[in-house]
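As structure tokens, the structure follows; a few thoughts come after it.
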Amino acid sequence: MLNLDHLNPQQQEAVRTTEGPLLVLAGAGTGKTSVITYRVAWMLNHGVAPENILAVTFTNKAADEMRERLKNLLPQVDHKTMAVSTFHSFCCRVLRAEVHHLGYTRRFGIADASDTEGLIKQVMGEMGISKGDLDVNFFKNGVSHAKNNLQTPEEIRSNSKRDWAATLAELYERYQRHLRNMNLLDFDDLLLQTLNLWKQHGDVLARYQDRYQYILVDEYQDTNKVQSELMRTLAGERRNICVVGDDDQSIYGWRGADITNILEFPNIFEGTRVVTLEQNYRSTNVILKAAGHVINRNESRHAKQLWSTRGEGDPIRVFEADNETEEAQLIARMITQLTYEQRSGHGDMAILFRSNFQTRPFEQSLRDANIPYCIVGAKSFYERREIKDAVAYLRLVHNPRDDLALLRVLNTPPRGIGDKSIDNLKQYQQITGKPILELMHSEDVLKDMQPAAAESLRCFASASDDAAKTFSEVGGLAEKIHGYLDSMAYLEGLGRIYKGHEEGVARLENVIEFVNSAAQYEARIGGTATLQMFLEAFSLTDDSERIDDQSEEDTGVTLLTVHAAKGLEFPYIFIVGMEQNLFPHERSIQDYMVDEERRLFYVAVTRAKNNLIMTRARQRQKYDKRYPTRLSQFIHELPKELVEFPEVDEFFSPATGNQVDDVFSQLRTRFS
DNA sequence: AGACCCAGGTTTTTT
DNA sequence: ACCTGGGTCT
């Protein structure tokens, strides 16, 4: 039987409450993941069938971790039947089975962010929206926002008096029509169309409600309207829905997360049991008090007060440097000193910053000081042009209606299909509404083209047909991918696309690496891996986890943005660039979003287990100019008695006799 | 088709 | 300062 003894009373209550709506307010470091996994284990032990449980997370990483911990906790249960997945992959699975109800086919492809942007530009062109007016980002965000908030184009038109409303609505409609013609769903659609499906087809919904009788949602503060509505719909009359999250760590409002989901949950589900986890197992009380004091300024939050049994701990220290270079050098010196006098390794330390551009001077200073480091979230392998091209080739074979993929690779490498021919095809596409690849099979269309171009198009089309046949049989996926890219002259063409010999070779190596990743995927899944599965994994899986080279992660200092640090912890945390307009960011100040920025600061502070050091540069270079800076308001918001503002030298002053004794006694106990 | 030039934009990031 | 994308010229 499951032993809950080492859980605290609130955690136990959360675990035992399996029926009805439950809101678990899990403050930073309060053992949330344990609670979730124990709760699932508890349900399984109490007769709930694994296939009746749905656990939803935001990231694959979180889903993997949960699955892993469940496996350890309950090795005997058949975990394959239990749905632990991200919102997107869950919805994708539903749609693969049901999407025909909505007029797509189950071979639908997934449009990524750059497809979305490209298509929106195209639609803007169609509508004759000139550049001077509203820009691509406006429409991209506008459409995404509308989708996330369940606004139809009709509603945009009628609800908003803004002069751009009608334009946005029309663009949304056209954009969506294009996607549908190409049998593509964008990321937002995966969620939205699943919700539409359920709302429009009660019988389908009933099947899913019957299957998923117990629902668990992690990081609920990050859900948007569609996501909360999806879960509410699925929970139905049973209302067995448990959401876990921390409103104080809601830092994704800017991309559609709606904090009111977690704030209003008890009002939306009458009779909600609320369990607040306040015992923190991570940090010293100085850190918790400081964080709590700051976050208390925010209105509209669920009250909570974190505490721990780890003692008071050292005060927070704030240092100032003249400029960003010296700030970076200061941090490097401090790290050297700390590793020297304490027993902490580089892996115990992380440098947190608000914006990515701040990494530069730190890379330099750490390298100069011979300190190993790793940067989280550096630009990814899969963003590279040659990889996206390779993926576009694959997408086209899988979904021949994917004009976006086709146009990307039709003349990559150059094969004599110029702008003229491409325009021509687009024209036909507009008139007939048929996929371009299909048009390329029509001699009526081809006779309009230059003979050379027509021949090239014919050749491309027939190679695509061959590939489609090849991939329709199961097995040998990586091999087939290699053969296909080769047959399209893509591998050979890389040398022509990229001028320098070196660059061509490097790009080719990357593509080969990509083929290898397909082989790895195949090895993991087994011989039954299909192109569709691989593409789906590619679209819905985060880059960093696809290639795992975590070997160095343990040994180096970690550099990462505060956003990327959510969910992590380190004994030593350095928050750098504590300047007004940088953190909080100036954009958030203009937009009255300082509350979210304050939550971001709260997240940063609560990453620290033992020691928190913050720095500021008095001057900072921005683009090509230097500016004087002001200290961040968040520093002023910290409780005075918990913060010290030492001079830089004080950090490096010789150790006192007591400290020396201390170090030696620690060493003695360690080696005795 | 490919080299070259200029304008615009540079918070955070998942799926 | 620096990169990207789009436009133009050869």
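Reckoned from all heavy atoms, side chains included, excluding hydrogens, waters and symmetry mates. Because the structure is predicted, anything quoted here is derived from the model rather than measured. Residue numbering restarts at 1 for every chain, and letters A, B, ... go by the order of the sequence lines.
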Nearest nucleotide by nearest heavy atom, which residue falls closer to the 5' end of DNA chain B, A:Ile417 or A:His88?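 Counting from the 5' end, the first nearest nucleotide belongs to A:Ile417.
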
Would you please name every residue forming a ring pair (Phe, Tyr, Trp, His ring centres under 6.0 Å) with A:Tyr490, sequence neighbours left out? A:Tyr393

Take atom [atom1] of [X] and atom [atom2] of [N], then tell me their distance rounded to the nearest Å.
{"X": "A:Phe583", "N": "B:dT12", "atom1": "CZ", "atom2": "C1'", "answer": "10 Å"}
{"X": "A:Leu190", "N": "B:dT14", "atom1": "CG", "atom2": "P", "answer": "17 Å"}
{"X": "A:Asp115", "N": "B:dT14", "atom1": "CG", "atom2": "P", "answer": "18 Å"}
{"X": "A:Lys566", "N": "B:dT13", "atom1": "NZ", "atom2": "C1'", "answer": "11 Å"}
{"X": "A:Leu560", "N": "B:dT13", "atom1": "CG", "atom2": "C1'", "answer": "13 Å"}
{"X": "A:Glu219", "N": "B:dT15", "atom1": "CD", "atom2": "C1'", "answer": "15 Å"}
{"X": "A:Lys625", "N": "C:dC2", "atom1": "NZ", "atom2": "C1'", "answer": "17 Å"}
{"X": "A:Asn581", "N": "B:dT12", "atom1": "CG", "atom2": "P", "answer": "16 Å"}

Euclidean distance for P, B:dT11 against C:dT4 (whole angstrom): 15 Å

Using the ring of each side chain (for Trp, its six-membered ring), is A:Trp254 parallel, tilted or perpendicular to A:Tyr252, with breaks at 30° and 60°? tilted

Should the ring pair A:Tyr208 and A:Trp198 be called parallel, tilted or perpendicular, given that the plane angle runs from 0 to 90° and is split at 30 and 60?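 Because their plane-to-plane angle lies in the 30° to 60° range, the rings of A:Tyr208 and A:Trp198 count as tilted.
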
Applying salt bridge (charged side-chain N to carboxylate O under 4.0 Å, His left out), can you list everything that pairs with [X], at least two apart in sequence or on another chain?
{"X": "A:Asp246", "value": "A:Lys304"}
{"X": "A:Arg598", "value": "A:Asp595, A:Glu637"}
{"X": "A:Glu117", "value": "A:Lys121, A:Lys140"}

Indicate, with a heavy-atom threshold strictly under 4.0 Å, whether A:Lys121 touches base, sugar-phosphate, or nothing.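 The residue A:Lys121 makes sugar-phosphate contact but no base contact.
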
Answer with base, sugar-phosphate or nothing: what part of the nucleic acid does A:Asn411 contact at a heavy-atom distance below 4.0 Å?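 The residue A:Asn411 makes sugar-phosphate contact but no base contact.
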
Under the side chain to side chain donor-acceptor pair (under 3.5 Å) rule, collect the residues that match up with A:Glu327, sequence neighbours excluded. A:Thr615, A:Arg620

Whichever of A:Arg360 and A:Arg385 has the more 5' nearest nucleotide on DNA chain C, that residue is A:Arg360

Hey, what are the protein-to-nucleotides 6-11 of chain B N/O distances that come in under 3.5 Å?
unit_1 : atom_1 : unit_2   : atom_2 : d
B:dT11 : OP1    : A:Arg587 : NH1    : 3.1
B:dT11 : OP1    : A:Arg587 : NH2    : 3.4
B:dT11 : O4'    : A:His585 : NE2    : 3.2
B:dT11 : O2     : A:Arg354 : NH1    : 2.9
B:dT11 : O2     : A:Arg354 : NH2    : 2.4

